[in-house]
Structures are given as C-alpha cells and as structure tokens.
Amino acid sequence: MEMRLEVVQVPVADVDRAKAFYTEKLGFALDHDVEHIPGMRVVQLTPPGSATSIVIGTGMTAMAPGSLEGLQLVVEDLPEVREELLRRGAEVSEAQDLGGVLFAHVADPDGNRWVLQGATPPTVKAAHLD
C-alpha cells in the first residue's frame, strides 16, 4: 500500500491577502485559483521544491482561520532561507539551535504558524541512530 500526503488545507479569513502572503513573501508557486461551485474557491499553492501543496479558499473547512500550527518546511540552509524571507517582507523568528538542528517560525496574516527546520546534519542524524 502507498499513501502520499499531497495537499493540506490552511484556514484563512481573507483568501486574497493569504494568497499574496504565500506567493510574495514565502515564494510559494500558485498552482490554481478556481471556483468550482458558487461559494467554494480553491487556491492551491506549492512551496518551492515540495511535493506537497497547501489549499486556501472558501467553503472547504470548518477550521478557524489561524488555527493551524506546526507544519514544517524543511530547508537545506536555514540562515540563508531566513534572510531571503526577511528580504521578501516576512516576519521570521531568530533561528534556534535545538540539539544541532536549527528551527525558526513564521506566521501567515491569520496567525497560522509554520516551522522552518534546517536540514539535519549527518553527525546529528548518526548520533540519534546509535
């Protein structure tokens, strides 16, 4: 059996504001923005290099805007990505070293909180496998 997580819904209050944030500040690609049926707008966005997308829109979820927390975006070089996001106007926390792996946080305009995780160095990975 095979299962792939391909799309995650992110609850937002203002679709256009969130769409601008994810495309302009975080650099996500806009895959589509459609209204399949009246009242159901589906905006799909994909982080650079990711096989999994997010969906924002209307008429899809009962989750409260801003209630999503802890989705992780894993990046090769966290300090470099953090600087790029800051240049784009995103508010990103300082990086924290948690046992040899760097983490930072960013929130969308509704307060959905994302975790940026630096790639796990081979020495740290090996230490946890012993």
Side-chain angles (χ1 to χ4, degrees):
M1 176 168 53
E2 183 178 298
M3 294 183 197
R4 294 183 312 272
L5 179 63
E6 293 190 2
V7 180
V8 175
Q9 288 189 19
V10 177
V12 299
D14 183 323
V15 177
D16 291 318
R17 178 181 70 177
K19 177 180 162 184
F21 172 81
Y22 284 104
T23 58
E24 296 168 16
K25 306 235 185 207
L26 296 190
F28 286 25
L30 174 63
D31 300 321
H32 61 260
D33 183 347
V34 297
E35 189 171 356
H36 293 290
I37 58 174
M40 184 178 177
R41 180 178 174 192
V42 179
V43 179
Q44 185 168 327
L45 305 137
T46 303
S50 181
T52 303
S53 301
I54 65 167
V55 171
I56 59 175
T58 56
M60 296 184 298
T61 183
M63 289 188 292
S67 63
L68 198 61
E69 190 169 315
L71 289 180
Q72 289 191 213
L73 297 169
V74 179
V75 301
E76 192 62 36
D77 186 332
L78 181 58
E80 180 182 301
V81 169
R82 182 177 178 277
E83 286 304 315
E84 172 65 21
L85 296 178
L86 290 170
R87 276 194 299 277
R88 290 172 165 264
E91 294 182 20
V92 184
S93 73
E94 293 289 333
Q96 294 180 302
D97 185 330
L98 301 177
V101 181
L102 295 177
F103 292 88
H105 298 88
V106 62
D108 73 12
D110 287 291
N112 293 300
R113 285 180 33 96
W114 292 80
V115 178
L116 299 171
Q117 176 191 329
T120 304
T123 54
V124 173
K125 195 178 287 188
H128 291 282
L129 296 176
D130 288 341

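Residue indices begin at 1 and follow the sequence shown.
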Group every Ile, Leu, Val, Met, Phe, Trp and Tyr by side-chain heavy-atom contacts under 4.5 Å, then state whether [X] and [Y] land in the same group.
X	Y	result
Leu71	Val55	no
Val34	Met40	yes
Leu116	Leu98	no
Leu73	Val8	yes
Phe103	Leu86	no

Exercise: identify the closest heavy-atom pair between [X] and [Y]:
X	Y	result
Phe21	Ala107	CZ-O, 3.4 Å
Met63	Ser67	CB-OG, 3.9 Å
Val7	Gln44	CG2-NE2, 4.3 Å
Gly70	Val115	CA-CG2, 4.1 Å
Ala104	Ala95	CB-CA, 4.2 Å
Pro47	Ser53	CD-CA, 4.4 Å

Mind checking side chain to side chain donor-acceptor pair (under 3.5 Å) for [X] and listing every partner two or more places apart, or none if nothing turns up?
X	value
Asp110	Arg17
Arg82	Glu94
Glu84	Arg87, Arg88
Gln72	Gln117

Inset, instruction - Verify side-chain contact (heavy atoms from CB on, under 4.5 Å) between Leu102 and Gln96, making sure each step is shown before the conclusion. - result: CA-CA 5 Å; Leu102 295 177; Gln96 294 180 302; over 6 Å; no

Legend entry - Shared-cluster residues of Val74, by chain and number - hydrophobic side chains joined below 4.5 Å: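 Grouped by the 4.5 Å side-chain rule, Val74 forms a cluster of one, so the answer is none.
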
Inset, instruction - Give the C-alpha distance, both sets of side-chain angles, the deciding distance and a yes or no for side-chain contact (heavy atoms from CB on, under 4.5 Å) between Met60 and Val42. - result: CA-CA 8 Å; Met60 296 184 298; Val42 179; 3.7 Å; yes

Legend entry - Pairwise distance CG(Asn112) to CD(Gln9) - rounded to 0.5 angstrom: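 Going from CG on Asn112 over to CD on Gln9, the span is 11.5 Å.
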
Inset, instruction - Nearest 0.5 Å please: distance from the CE atom of Met3 over to the CG atom of Leu5. - result: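 So the gap between those two atoms works out to 11.5 Å.
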
Legend entry - Full working for side-chain contact (heavy atoms from CB on, under 4.5 Å) between His105 and Val92: CA-CA 6 Å; His105 298 88; Val92 184; over 6 Å; no

Legend entry - Criterion side chain to side chain contact (heavy atoms under 4.5 Å, CB included) against Val43, the qualifying member of Thr23, Val12, Ile56, Asp31: Ile56

Legend entry - Qualifying residue, where the test is side chain to side chain contact (heavy atoms under 4.5 Å, CB included) with Leu45 and the options are Ile54, Val10, Leu26: Ile54

Inset, instruction - Can you tell me which residue pairs pass the salt bridge (Lys or Arg N to Asp or Glu O under 4.0 Å) test with a partner in residues 33-59, sequence neighbours excluded? - result: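 Only Asp16-Arg41, Lys19-Asp33, Asp33-Arg41 qualify under salt bridge (Lys or Arg N to Asp or Glu O under 4.0 Å).
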
Inset, instruction - Over 60° means perpendicular and under 30° means parallel, so classify the ring planes of Phe28 and Tyr22, tilted if in between. - result: tilted

